[in-house]
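Have a look at the structure below before the remarks.
Keep in mind that the numbers below use all heavy atoms, side chains included, and drop hydrogens, waters and symmetry copies. Proteins get letters first, then strands, A, B, ... in listed order; numbering begins at 1 in each.
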There are 2 protein chains.
Amino acid sequence: MRLLAFLLLLTTGIIAQNLLPQPTKIESLNGEFIITNETNVLVSNPSVELKKYVSRFVERLQFKAGVYFPSIALRDTVTLNQITIVTQENIDSLFVGIDESYSITVTPEKIEINAANNIGAYRGMETLLQMIQVNENKSFVKAVKITDNPRFPWRGLLIDVGRHWIPAHIIKRNIDAMAAVKMNVLHLHLTEDQGFRIESKKFPKLHELGNDGNYFTQHEIQDIIKYAKERGIRVIPEFDIPGHTTSWLVGYPELASIQRNYEVATRFGIFKGSLNPTEESTYDFLDTLLTEMCQLFPDAYFHIGGDENNGMDWNENKKIQKFMQKNGLNDNNELQAYFNRRILEILHRNNKIMVGWDEIYTNDIPKSIVIQSWRGKESMFSSAKNGYPNILSNGYYLDKLENLESYYLNDPLPPTVELTPKQQKMILGGEATMWTEIVNEFNIESRIWPATLAVAERLWSQQENCDIDKFYKKAPSISLQLQEFGLTHLTFQDAGLKLISNNSQTQLWEPFIRSLEPVKGYRRHNFIRNTLKYSTTAALNRLPDLCFTESFVAFNFNKLAKTNCKDGHCKYRRDLMYWLANWAKSAENFQKISFLHPSLAEGHELALKVQELCELTWRKVNSPRELPEKDEERAKILIDEVENYKLDVRFAPIEGIKAIFN
Amino acid sequence: MRLLAFLLLLTTGIIAQNLLPQPTKIESLNGEFIITNETNVLVSNPSVELKKYVSRFVERLQFKAGVYFPSIALRDTVTLNQITIVTQENIDSLFVGIDESYSITVTPEKIEINAANNIGAYRGMETLLQMIQVNENKSFVKAVKITDNPRFPWRGLLIDVGRHWIPAHIIKRNIDAMAAVKMNVLHLHLTEDQGFRIESKKFPKLHELGNDGNYFTQHEIQDIIKYAKERGIRVIPEFDIPGHTTSWLVGYPELASIQRNYEVATRFGIFKGSLNPTEESTYDFLDTLLTEMCQLFPDAYFHIGGDENNGMDWNENKKIQKFMQKNGLNDNNELQAYFNRRILEILHRNNKIMVGWDEIYTNDIPKSIVIQSWRGKESMFSSAKNGYPNILSNGYYLDKLENLESYYLNDPLPPTVELTPKQQKMILGGEATMWTEIVNEFNIESRIWPATLAVAERLWSQQENCDIDKFYKKAPSISLQLQEFGLTHLTFQDAGLKLISNNSQTQLWEPFIRSLEPVKGYRRHNFIRNTLKYSTTAALNRLPDLCFTESFVAFNFNKLAKTNCKDGHCKYRRDLMYWLANWAKSAENFQKISFLHPSLAEGHELALKVQELCELTWRKVNSPRELPEKDEERAKILIDEVENYKLDVRFAPIEGIKAIFN
């Protein structure tokens, strides 16, 4: 059991430093606070909301520490063995730039969380939950003094519920996960060509006809907003206009720039359908609708999308062309700018700050807007210089399925940035974006987590505390812990594999699956069976759908090999060989069951190559000088074949194997 | 890979006979229908509801068969390669005794589902989905003619959302699972001492004060009812009165028999609090409330509980005693009978049929009620003889965590029953009951499934088609397939183990966990740490919470050993030894990580004993004559110790091991 011992060491070693996002300052003290069945919690002057948070905290504490508080753990008086939560102020309506700082002092006698307000206390409780340790004798927290505060005030996650429907209970448990890593903005992309996902009492045909039957009722959305607020998370709604509006035009074709038979889109891409920006009736409609929605969503910010309007229908409509001439609008960009100014008026009347994608940034737009940057940091810096507040999303696209490192290293304000401190303040933070073309209810959480951990730490932790190596050491463990909220980002894989194989012995071939990663970026969008394009109802149960975004096992293997191998001579040989044998064996097992489902059959040939390559590599590591030249050459051919294999999954340890043969 | 081959054989062998519940009649035909990307579906005169079912059917068909229908798969015309669904009638409001029969004819040319109505068609589509097979070359359905109809018209599942809150999305996916195995009644136990779980617009303090903050809004419950109806499942609400009403009395203490300070219960058991059956104001209240609820729930049946009213508060209230004297009510049973008759009047005015537990069956109660039998079959047969309709729940208590066999063999009308055919008709069917004292959101599905599969087949399939051996062969595979609805009855285990161990290498010790079963019956209720009793907020993350109800692996091992071993000489030695080695090794691994959480630590000593016992048994099977006598004796001591080990989990393969040593 050498291997087991090694792995456990890793695991338990991690626990002690498992703070994610990394706090601003940690000072070790002597001793430890022991959690027992008699431990209790005192909160000074709690609001109803803070009290609810603390109740959940107490339940989670019991779960993690394995203790059992026999009576109500919330006390009114100072006792021994107590966790005290002290706040000065109660914040009952959220805004950008709340003081989220807190401190935690742990001594053998007591634990104290201090925060200016309830929101800071929420952040502190999450840190404390990450600090619980267990050993043979007890559950405890090491004595320490932590002070912590966020680097950016806007740390968001966008979920696109338009393209694929994502129901409220999944949104809610992701809110829990966001709160656990101190994110504070949930951006709901509520409308798309494929679905208008919110009930409108003013224009009911929007939700009645503009989707596949799935939308949030106003009651449900209020419930989500309350759920988020109780965790210190703002909810920003996005109504994407004037493009991406096919679903609107099904019930209200009179809004369209060109009259045709509109149906809710079931394919993906950029569609022609677009609101007509030259008719006053369009603005009357939007005034009524947006006013309704501004009242539903209490946050001061309101997102109007504005991206990817291709303008083809505007070009075709002679009345629109005439309007442009008459009003001196030289091109579609200027027409959209005109549209945006009209929308801005509506939002201003509703006391909202307008947010939109890059495209809304035009010369004459007032500075009272916020630009969400999807195109790139250069344009973000330039608009920041011009005094516009910005949120970074470029580089945080979760649907590109990048490795965590790529998200982590994407600093909104890298050290090289040439902005004055005042201009830097214009960069409010960022948002990870979960677009759902090829993501559905079943696997969305595996696309959001653990990837979003990288964004969470990047946006909360001070620049000098961000360390990619340390991040990779703690991310797997934090990812596991998120399961306490019912997230399925890890369990979905085995469930999916069992479903398509009707096979309960998945553990025999799962290591092979876990060595795979979906191809990165958008190469997959047109892949399916080389000919067919995805639709909204396609089954997402192919290998890339069932792989984790990043293979942590491959990451560790690759790092070990790259750091420790030279001319085939490796340190940590036994660990490398363990994984190579594991992949060879599980790839062999996989071939035996791959006939069970067409989605598995797609990987059959790759598994064959992986098996052979891993066997050869095992022999190479085992005794580098004894591998015959023809095997050496065969390995190089296989490396090339595996690396360039035409499938939308890739065998991720290939880099480590290359390092071994170099 | 001998073992793998063996297991796969089992798995794929099962697929072909994977029909659960077993249909009435199956005739094999020649050939097979091949499912391709061009397969499509024709439905004759579909209602909106049938069309929705078919759309879901088409998506699930794609998922299972691994095909991809490029365009809309629903057609209006007859084509090649078609699945045709023919129904005569559309049933839009559900009742007891709907004709749920259907037939399926599969030929190489086409598949046809014939049913009298949409509900029969739903049942048929579920059967067809279970028939899909995949091999190296294709996805297909073997040519066959199936005719099928249910044995009992009432096939239910009760979920107690009172003691622990179970949210709507979990209820819904269990409705999906019920429909997949042709169950047709969801019984929601909505009120308990621990929670009043439904919004009342008439008496809002019921849901505002009578729970921990969790309840169904009326909108949500309507949504659940609609969801169930669209799957041919009736929803029966239960408002448990006059006992089990502590949560009612928090907001409306004037209803109580004794005035005291009522708080929502957080412990379990039978409480004193009881409605006062002697005040007219109580009936005014109930008239208003039940009328509101009768309108909310469209089903003709309405459940009033009536169980476990201990009458202590009635004894103590002098006014109640005086009332009894005055009205010639000799004891509390007669007083409760009086109460029930008053409630019956209210329900009759609302055109509802009253359902209640055994206790409502008193001499003079009209025969227009239904009795749900929890106490035993004898009393059920006796009331059936007296002309009362009955539903069996005795023997179907899921919270007792019995093995599936126990549920399966519990026939409401066993062959020995002495009832006339007319009296037999009084037995409407049965309901599995999921009480939630020590069951919460996290593990409830593992308590319901796969156990409820046994009840589903028992209540649907003809007596002569029920075969316990065949059932055990197909249940694991059907259980896997239920994951398509997002059920977590299998994945919760690994998630829970990873959570408490913060360990991603759970596979190294999971075989040991999977050899364990929670103790059966109610022995556990008072177990926790031998001293403390469970409360509603206790963490349910101890070993018995994380075990499957029944260990299928242990079942197979035990059967193999009992059938094939004599004096230590066994057939199938290699299979037996594989599992013994697996348990020994994983129990050893478990000991190494058991310090990671107190819930694991509880199993440390048992793991030590299991390891030693499995090692000895391995040696015994390997060469029965060579095991020294002292080891033989040691094994017998260990068998005794393991069998009587004081913990609320048991090592389930112990029976097989005993057989080996006998």
Heavy-atom pairs under 4.5 Å with chain A are the metric here; pick the option from B/Q507, B/K64, B/H604 that has the most.
B/K64
A/F595 versus B/E136, closest heavy-atom pair with distance:
CB-CG, 3.6 Å
What part of B/A65 gets within 4.5 angstrom of chain A, counting heavy atoms only: side chain, backbone, both, or neither?
backbone
About how many Å separate CG of A/N503 and CG of B/L480, when rounded to the nearest 0.5 Å?
8.0 Å
Is any side-chain heavy atom of B/L499 closer than 4.5 Å to a side-chain heavy atom of A/F63?
yes
Point-to-point distance, once rounded to the nearest 0.5 Å, from CG of A/D223 to CD of B/E220:
7.0 Å
Do you know which of B/K498, B/K52, B/H597, B/Q62 has the most heavy-atom pairs with chain A at a distance under 4.5 angstrom?
B/H597
Rounded to the nearest 0.5 Å, what separation is found between the CG atom of B/N18 and the CG atom of A/N502?
5.5 Å
If I compare all heavy atoms of A/S535 with all of B/Y68, which pair ends up nearest, and what's the gap?
N-OH, 3.1 Å
Work out which heavy atom in A/A495 is nearest to a heavy atom in B/Q483; give both atom names and the distance.
CB-OE1, 3.5 Å
Mind checking whether B/V67 and A/P598 have side chains closer than 4.5 Å, heavy atoms only?
no
Could you list the residues that satisfy salt bridge (charged side-chain N to carboxylate O under 4.0 Å, His left out) with B/E510, not counting sequence neighbours?
B/R514
Below 4.5 Å from any heavy atom of chain A, which atoms of B/S139 appear? Answer side chain, backbone, both or neither.
side chain
One should read off an interatomic distance between A/T491 OG1 and B/Q493 CD, to the nearest 0.5 angstrom, of 12.5 Å
Please classify the contact between B/T217 and chain A as side chain, backbone, both or neither, with a heavy-atom cut-off of under 4.5 Å.
side chain
More than 12 heavy atoms of other groups within 6.0 Å of A/Q222 CD:
yes
Rounded to the nearest 0.5 Å, what's the gap from CZ on A/F485 to CZ on B/F442? Could you check?
12.5 Å
Whether B/H169 and A/H169 hold their rings parallel, tilted or perpendicular, with breakpoints at 30° and 60°:
parallel
Working to the nearest 0.5 Å, report the span between NE2 of A/H219 and NE2 of B/H219.
7.5 Å
For A/T537 and B/E59, the nearest pair of non-hydrogen atoms, with its separation, is CG2-OE2, 3.6 Å
